[in-house]
Amino acid sequence: MVTDAKLLGPNSGADNHAPTNMTFPTSGMWKLDAYIDGKLFGSVYVKVEN
């Protein structure tokens, strides 16, 4: 769970947004899966360099 905050409305072309912060314990390629109501919405790959 990244956030359970209410969405804050349009931002940079998105319909809604919610500010968040993340930290990663190690460098490397991380896959982030986004779930909405328990269903996979999509995935994003992030290259982390610590």
Side-chain angles (χ1 to χ4, degrees):
M1 173 70 70
V2 174
T3 183
D4 60 359
K6 292 185 179 183
L7 297 176
L8 300 177
N11 186 25
S12 299
D15 294 335
N16 289 290
H17 76 286
T20 59
N21 290 312
M22 288 186 220
T23 58
F24 296 86
T26 60
S27 297
M29 188 66 69
W30 288 76
K31 179 183 175 191
L32 307 178
D33 293 329
Y35 288 85
I36 298 175
D37 294 329
K39 295 182 181 179
L40 181 62
F41 181 77
S43 300
V44 176
Y45 290 87
V46 178
K47 184 178 180 182
V48 176
E49 297 176 358
N50 290 334

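Computed over heavy atoms, backbone and side chain alike; hydrogens, waters and symmetry mates excluded.
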Please find the pair of heavy atoms, one from [X] and one from [Y], that lie closest to each other, and give the distance.
{"X": "Lys47", "Y": "Met29", "answer": "N-SD, 4.0 Å"}
{"X": "Ser43", "Y": "Asp33", "answer": "OG-OD1, 2.7 Å"}
{"X": "Leu7", "Y": "Ala18", "answer": "CD2-CB, 4.1 Å"}

Open item on the list: Distance check, rounded to the nearest 0.5 Å: Leu8 atom CG versus Asn16 atom CG?
Closed with: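 Reported value, rounded in 0.5 Å steps: 8.5 Å.
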Task: Gly9 backbone acceptor or donor facing His17 side chain under 3.5 Å - done: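 Yes: the side chain of His17 pairs with the backbone of Gly9.
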TODO: Look at atom CG of Asn50 and say whether more than 12 heavy atoms of other residues, nucleotides or ligands are closer to it than 6.0 Å.
DONE: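 Enclosed: over 12 neighbouring heavy atoms sit under 6.0 Å from CG of Asn50.
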TODO: Find out whether Met22 and Phe24 are in side-chain contact, i.e. whether some heavy atom of one side chain is under 4.5 Å from a heavy atom of the other.
DONE: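 Yes, side chains in contact.
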Open item on the list: Could you go through Val48 and Thr26, starting from their C-alpha distance and side-chain angles, then the distance that decides it, and tell me whether this counts as side-chain contact (heavy atoms from CB on, under 4.5 Å)?
Closed with: CA-CA 8 Å; Val48 176; Thr26 60; over 6 Å; no
Open item on the list: Hydrophobic clustering (ILVMFWY, side-chain heavy atoms < 4.5 Å, transitive) - are Leu40 and Ile36 grouped together?
Closed with: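 They do not share one cluster, since no chain of ILVMFWY contacts under 4.5 Å joins Ile36 to Leu40.
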